[in-house]
Structures are given as C-alpha cells and as structure tokens.
Amino acid sequence: MPEITSTYDADPSDEQISKWQKEQDELRERHETRDRLDFDPENLQEIKYVAGVDLSFPPGDEENAVACLVVLSMPDLKIVYKQFLETKLYLPYIPGFLAFREVEPLLELIKELKINQPEFYPQVILVDGNGLLHPRQFGIASHLGVLSDLPTIGIAKTFLRIPGELDSVSEIKNEYKKVLKKKGDYMNLIGTGSGTTYGCALRTSDNATNPVFVSQGHRISLQTSIKVVLALCPQYRIPEPIRAADLESRAYVRAQDAMLK
DNA sequence: GCGACAG
DNA sequence: ATCTTGTCGC
C-alpha cells in the first residue's frame, strides 16, 4: 500500500519534493522518445482508436475530482467509449509534480478499459499537460505513458517555463506569435543550455491564434506527435480527445451537483 | 520580499 | 483546475 506522506493542506516538505524528483528521475529511465507504435507514422489511417483523459472538479473543491477516459474512433472522431471515476485527491496541485496528484485515477480507468472493453484499447492517449516539456523532462504525459506502457502525447494549453532552458516566457511568446501563421505551423522549443528539443508550440487552428504546447509523452517522436495532433484538430484548438474528456467530465460534475450530492 | 506557477 | 461577461464569426 502506498504510504501517505503528506496531508492535503500541508505544503510538501523538502524531503517529499526530493523523493518525488527521485521518482521522476528513476521512471525517466524507462521513458522512450522514439516511435514504438502499432501503426505506421506515415499512414495515420492505421489508427483506429485514440483516447483522451482529463479531470474536473466541483467549483471551489480541490479534492473531489471526476476523472474521465474517452476513446474516439478514427477518422470520424466519434466517442465509442467513456468512463468516469469519482476520486478523492490527497495532494494539492504543485507545478512540476502534477502526476503525483492526478495519475492514479487515470491509470485505474485505463486498467478498467483493458479488462472490460479491450476492443477499444487505444493506440495512443492524449494527456492534458506536458510530457518532455518539463523541468525534469518527465511530466504527467510521460508518467502515464511509462506506467501504462502506452504511447502518450502531452498537450498543454499554457506554457510551462523550464528554468535554465526555456526561461524567457515573453521572448518565446513573441517569437511564436510572429512565426505561427496558419494551422500546422509549429515552432520547436529548444533549451538554451542543453540544445534539447523539449516540444513545440503548434498552431492547431486557423482561427485560434494561441498554439498548444505539444511534447512527447512516451513511445512516440515529436514529429509523429505533431501529425497525430493535427489529425485530431479538425475544428478546434484543443485536440478532440482532450476536448471530449474535458466536456464529458465537466458535464458529469454538473450532474453530480444537480443531485445535491 | 516578490513574482512565477502544466492542471 | 474554476468563475464571469461580453464580443465576434460562422
């Protein structure tokens, strides 16, 4: 049984932080950044099912979440499976450590899908948050990918600064505002210290001027991630699987509230 | 001391 | 993450 080492309200101790950092560093050794897929990256027609995951919360409630997993069929992007998990979270949101707060219920939903509806087991999962684009190159998308052994792509709606590597948020912002003119345009995010490509800012719609921040989660290259994400944005800035998981989990929370539960 | 800070 | 109001475009 996992030991509870921190209460919800308390700030995490330095010991807890180093413990989490060590766990991220260890799990990162199992992190694969090349394509290991069951479809041909040159032929996305081979993708049948793609999943999205997200969590929603009742207004003003940081602890009682609803986790959601949706599976969409390709290329029509219709929901063929959705499942929810009401869950209590025992940690606050701490930038850099999102996975320790949210990954467990998501793993549970993946496990349940594999047992109950294996025919819908996805070939790739899109995760709300970062993968490689992270201070220790191991965000929630990587974390979920390694622990589930599934290909994952990280999709962040806002940019996460990486100290010493991607420091100047305003410069990066100015640059991509200038460069990203139309859907499909992207700008790699390269660390100034190491030269590492952490991910990219990708414009996913002609209408939305703001990009999304795409980074490798697990078992997929950045180039393939970009192609997959673009195929999943026929209309909106947010890729359809994430958008569907977000809308469904929010609707679930609203329904909960209506029952005065 | 202050700002920054995936979700 | 969540709330909120209006505004613009199809």
Side-chain angles (χ1 to χ4, degrees), chain A residues 8-9 11-12 17 20-21 24 28 52-69 84-107 125-145 152-173 183 189 191 198-202 205-218 225 229 234-239 241-243 245-257:
Chain A
Y8 188 86
D9 290 318
D11 282 340
I17 294 285
W20 284 336
Q21 289 179 339
Q24 288 175 331
R28 196 178 58 213
V53 290
D54 195 23
L55 275 78
S56 287
F57 301 78
D61 187 338
E62 289 273 292
E63 304 188 36
N64 297 293
V66 172
C68 174
L69 166 69
F84 305 93
L85 181 63
E86 297 180 20
T87 182
K88 193 170 178 66
L89 303 182
Y90 292 94
L91 295 169
Y93 164 64
I94 303 160
F97 303 97
L98 177 62
F100 295 98
R101 171 170 161 85
E102 296 191 347
V103 85
E104 206 50 55
L106 300 179
L107 281 170
I125 304 187
L126 273 70
V127 184
D128 212 332
N130 294 299
L132 240 189
L133 183 54
H134 178 275
R136 283 164 300 284
Q137 294 120 55
F138 201 75
I140 188 170
S142 322
H143 207 125
L144 184 66
T152 53
I153 300 171
I155 303 290
K157 295 181 284 296
T158 61
F159 178 69
L160 176 64
R161 182 174 160 272
I162 299 181
E165 288 282 79
L166 295 163
D167 269 304
S168 177
V169 177
S170 56
E171 275 179 33
I172 292 167
K173 197 170 182 174
K183 176 175 178 177
L189 298 164
Y198 283 87
C200 73
L202 172 66
S205 149
D206 286 326
N207 300 319
T209 188
N210 284 336
V212 295
F213 302 90
V214 178
S215 63
Q216 293 160 265
H218 186 51
S225 300
V229 169
Q235 190 168 7
Y236 302 104
R237 178 173 81 114
I238 305 301
I242 299 244
R243 191 168 166 272
D246 179 62
L247 292 171
E248 291 289 345
S249 58
R250 283 206 228 197
Y252 189 101
V253 169
R254 278 201 309 272
Q256 263 185 337
D257 183 59

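Every heavy atom of this structure was used, including side-chain atoms; hydrogens, water molecules and symmetry mates were not. Quick note on labels: first sequence line is chain A, next is B, and so on, each numbered from 1.
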Indicate whether OP1 or OP2 belonging to B/dA6 is found under 4.0 Å from a side-chain N or O atom of A/Lys157.
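The answer is no; no side-chain N or O of A/Lys157 sits under 4.0 Å from OP1 or OP2.
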At less than 4.0 Å, is any side-chain N or O atom of A/Thr158 found next to OP1 or OP2 of B/dC5? Yes or no.
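No.
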Tabulate atom names and distances for all N/O pairs under 3.5 angstrom spanning the protein and nucleotides 4-8 of chain C.
none

Nearest to the side chain of [X], heavy atoms from C-beta on, is which of [options]?
X        : options             : value
A/Arg161 : C/dC3, B/dC5, B/dG7 : B/dC5
A/Asp54  : C/dC3, B/dG7, B/dA6 : B/dG7
A/Tyr93  : B/dA6, C/dC3, C/dA1 : B/dA6

Measure from CZ on A/Phe159 to P on B/dG7 and round the result to the nearest Å.
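Spelled out: CZ on A/Phe159 to P on B/dG7 is 12 Å.
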Which is true for [X] with a 4.0 Å heavy-atom rule: it touches a base, it touches only sugar-phosphate, or it touches nothing?
X        : result
A/Asp128 : sugar-phosphate
A/Gly154 : nothing
A/Phe100 : nothing
A/Ile140 : base

Working to the nearest 0.5 Å, report the span between [atom1] of [X] and [atom2] of [Y].
X        : Y        : atom1 : atom2 : result
A/Leu126 : A/Ser225 : CG    : OG    : 8.5 Å
A/Leu107 : A/His143 : CG    : NE2   : 7.5 Å
A/Ser205 : A/Arg237 : OG    : CZ    : 9.5 Å
A/Ser215 : A/Ile153 : OG    : CD1   : 9.5 Å
A/Asp61  : A/Asp257 : CG    : CG    : 10.5 Å

Do A/Arg28 and A/Phe138 form a cation-pi contact, if we require the NZ or CZ to be under 6.0 Å from the six-membered ring centre and within 45 degrees of the ring's axis?
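That pair does not qualify as a cation-pi contact.
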Dot-bracket encoding per residue of DNA chain C, Watson-Crick/G-U cut-off under 3.5 Å, | denoting interstrand
..........
Quick one: side-chain contact (heavy atoms from CB on, under 4.5 Å) partners of A/Ile172, sequence neighbours excluded?
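side-chain contact (heavy atoms from CB on, under 4.5 Å) list for A/Ile172, sorted by chain: A/Phe159, A/Leu166, A/Tyr176, A/Met187, A/Leu189.
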